[in-house]
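Structure first, commentary second.
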Amino acid sequence: MPDEQQAVASPEPVPGSAADGRSPEAGNADNRAGGGEKDDRASGEDGAADVDGDTTRDEAAEREKERERAAGRFREHTRDPLAEEQSEDGSTDLAAASRARRSTRMLFDTGRDLNSFDRSYIRSAHIGDIHLRMDARQSAVGMRSGPVPDEDLRRLRRVHVEPEGYPALRNALRARRLLVLGAAPGTGRTSTALALLDEVTAFAAGAAGAEPAARPRVLRVGPDGGVRGLTTSLGGAPGAEERPATGYLLELALTQPGSPPPDVMDLDALAAALDGCRAFAVIVVPVGPAANPLLAGRYGMLCRPVPTQELLTTRLRERLEEHVAEAEADAPDGGHRVTDLLSRAEELAGRQDVRDAVGLNDLRPAEAELFASLLAGHLLEDVTYEELLAGCRSLAAAQAQEWFAGVDRVPAAPPAEGSAGARPGAAALFHPVAFRIALAVLGGAPHSAVAAAAHLLTWELSVQSAPDSTPARPLFCDDPESDLALSRGELVDGRVEVAGTEVDARLVWYRGSALPAAVLSEIWDRHFPVRAPVVRWLRLLADDPRPQVWMRAAVAAGELCVRDFDHGYAELIRPLAEAATTRRRIFAATTIDQAAGHTSHRKAVRHLVDEWSRQEAKSLRWTAAMALGYGNAAATTDDSLDALARIGVRDEGEQLAVASLNVVRLLTLRDSATVLRRLTDWTHHPREAYQDLGLVTTVRFAVSRVAEVLDDEPGSPLGDRGDWPLVLALAATRPELVGPLADLLWTALNTPRSQDVAMDALAALLRSAERKDGTEWTRPGLAALLPALTAEEHDRRRLDWLLRRLMNDPENPLPDAQARSLWWLAVPPRDRTGEKERHG
């Protein structure tokens, strides 16, 4: 801004302003955008007549007070409608909530509807010669004692893949004769235990020079007698010392009521008995708090999962070799045939749609075996591609079913005669399943948030299971590593937003994109009694102040409602939509929008939201407005805007603030031009309520940051401008919108009741040109917008005055060089020569 131009600008609040605080050119607003404040302009004309006539000073003062009251009402409309009881400047973490929603929707891909496969078909189906089973895998508790067939041991020797640290496990078993092996169920721990016993017993028999005996070398021991029962049987077995090199496998659940884990003395006694008869034993236990003392002792070691790729390659090679051996027994090039098929199978497994269908980062042995069978079956033309994908999707569903099948079957049984009716350990029993559900709902949140939510759900499940008992949980028995191992979770370093500032955090995710949907589907479809405690728990999460918690819970609730919309509407959507708190109503709006993402429910949701927008209940209209802002709750953008206008102008604009906020949210979607045209229509409308809706929305898109209103529009150019004011981000990325944006902002600046807040918004836009460190920020957006906003002389005088006011701000003065730079951004190059000559 040249020094010679500063003398031209008036030192008054607005260049050329009169006592009524209006620009003298305000009467010409209709020439640009038809900005509609006809009543205010009329009163201004009356004021001019009063000055020329006989109007008293008291009447002029009253008009000034009325103008100030109108401006105050307008400022109230532009405050944050989500602030609840907070102050006007209170943070509502809109940006953090939007980011949490985008992150969570990635876990629930609405392109793959939850109904994409039929459980009744997948649960028990023949695909070619492959028999798929979705039934829960057999629990170790139900397995009988008895010898392991030699045929099983031979196959194990052929296909077993050694986990990391296998030699150390083998050496420990040889040295101590007893090994307590800890791992999560399904990770191949039993196969590893059998492989260890087979190897050490064979080596011991060979070292002793014993002749191969007809008796079995490896025996499975039932868990009924436990460690003490095995010790007794070894010590009392006649001729035990004459039957060396026998291996015993004992699997303990450790979570069954009335079966405490063995202590150190029990293990020492068993080790002594084993040594006495020169035998070996492996006790397999699940990781968790109950097993920690065993694994921390001298006999305990962890069994790590086998790498997925090596496991899959081994299983594939086995399947393909079997096929080639049967079909081409006399062919000399069978080995080349297997190599070629193996290469094609690995290429097929790497396809994106196959990987998405599997949805698991790591495969466990049983999963790798099924996946290998499906791949081989497709290559050998026994399995169609659709059947291959359907079978792949069954893997995550099978894991979820295994996790929840019969969790409380034993505690739910009637108590034995003479025993107390209480069921001790209910909280410990339900905590693992609660953690899995919490991780499905809050995946991507900090581990502390997921753990806290899991404890809340553990309480709800315990109370539902035993309503007459007060559930108790030890305070120092949590084991985060066990929780992750038992739930196929992982910790990842990340960032989380706290009060508008990002901080480091340990985030927790499932190791597989298909697991969250599979878990929610399992508990909602197959375990109806669980719905009540889960609904109560979701309502508690709706009140959590952290956006990364309540927003993720809202998205997950929408996925549950898709499974049974009637139940979800009655228990979750309607009660929260009518709630007194804004967070609960946003929760309901997000839930129904998530349901609208599924084609099967879109029509019902749109009808519901349209009905709510016409309701007498204020809370339902407010919730409808928030749902409309997502862009899915109406058939077209025009329909969304019609409903938002209906909400915003009703009852003298009582809900104008929330309506305008959601009009701004629609601006971030594809049909921005339609929204701007409707805003222009509203500012031209003869009714003041519609004018206010247009003006308030204009001011709001000038002060809103992109991250606060941008949802999950894929590939949006606004995505990397999250901290930009929305109007400048649109001006920089959508040149065709600059004219309508400038016209709307000009109208707000030249309308008395919106003038003050519009000037404040413009000042904030000017300050955003550069960051505090001097680097460029929103300058490209200002370069596009300012010339269109200052096309006339009086507009430039207003900008000149505003820049000087910012330069003279005693608390935060705008640097002179930055102010000059902004001035020359606003003055088009073709006009600069004339300006210099005029003020030279």
Electrostatic pair [X]-[Y], nearest N-O below 4.0 angstrom:
X      : Y      : answer
Arg298 : Asp268 : yes
Glu571 : Arg531 : no
Arg488 : Asp362 : no
Glu322 : Arg155 : no

Within a strict 4.5 Å, meaning less than it, do heavy atoms of the [X] and [Y] side chains meet?
X      : Y      : answer
Tyr166 : Thr192 : yes
Arg436 : Phe404 : yes
Val306 : Thr314 : no
Val285 : Leu295 : yes
Gln399 : Leu395 : no
Arg220 : Thr190 : yes

**OP:** Can you label the angle between the Phe528 ring and the His567 ring as parallel, tilted or perpendicular, going by 30° and 60°?
**Re:** perpendicular
**OP:** Assign the ring pair His447 / Phe435 to parallel, tilted or perpendicular, where the plane angle (0 to 90°) is split at 30° and 60°.
**Re:** tilted
**OP:** Check the pair Thr201, Arg217 against side-chain hydrogen bond (donor to acceptor under 3.5 Å, both in side chains), reporting the backbone distance first and the verdict last.
**Re:** CA-CA 7 Å; Thr201 54; Arg217 282 188 295 108; 2.6 Å; yes
Original post:
Quick one: is the NZ or CZ of Arg174 closer than 6.0 Å to the six-membered ring centre of Phe203, and within 45° of its axis?
Top reply: yes
Original post:
Under the 3.5 angstrom rule, does the side chain of Trp509 hit a backbone N or O of Glu490 as a donor-acceptor pair?
Top reply: no
I need the [X] [atom1] to [Y] [atom2] distance, nearest 0.5 Å.
X      : Y      : atom1 : atom2 : result
Leu274 : Leu178 : CG    : CG    : 6.0 Å
Phe280 : Leu197 : CZ    : CG    : 9.0 Å
Gln548 : Leu507 : CD    : CG    : 9.0 Å
Leu541 : Arg552 : CG    : CZ    : 12.0 Å
His431 : Ser462 : NE2   : OG    : 11.0 Å
Leu156 : Leu194 : CG    : CG    : 6.0 Å

More than 12 heavy atoms of other residues, nucleotides or ligands under 6.0 Å from [atom1] of [X]: yes or no?
X      : atom1 : value
Arg228 : CZ    : no
Glu162 : CD    : yes
Glu346 : CD    : yes

Subject >> Test applied, salt bridge (Lys or Arg N to Asp or Glu O under 4.0 Å); reference residue, Asp198; option that passes from Arg154, Arg157, Arg158, Arg170 >> reply: Arg157
**OP:** Would you please say whether a donor-acceptor pair under 3.5 Å links the side chains of Gln309 and Thr313?
**Re:** yes
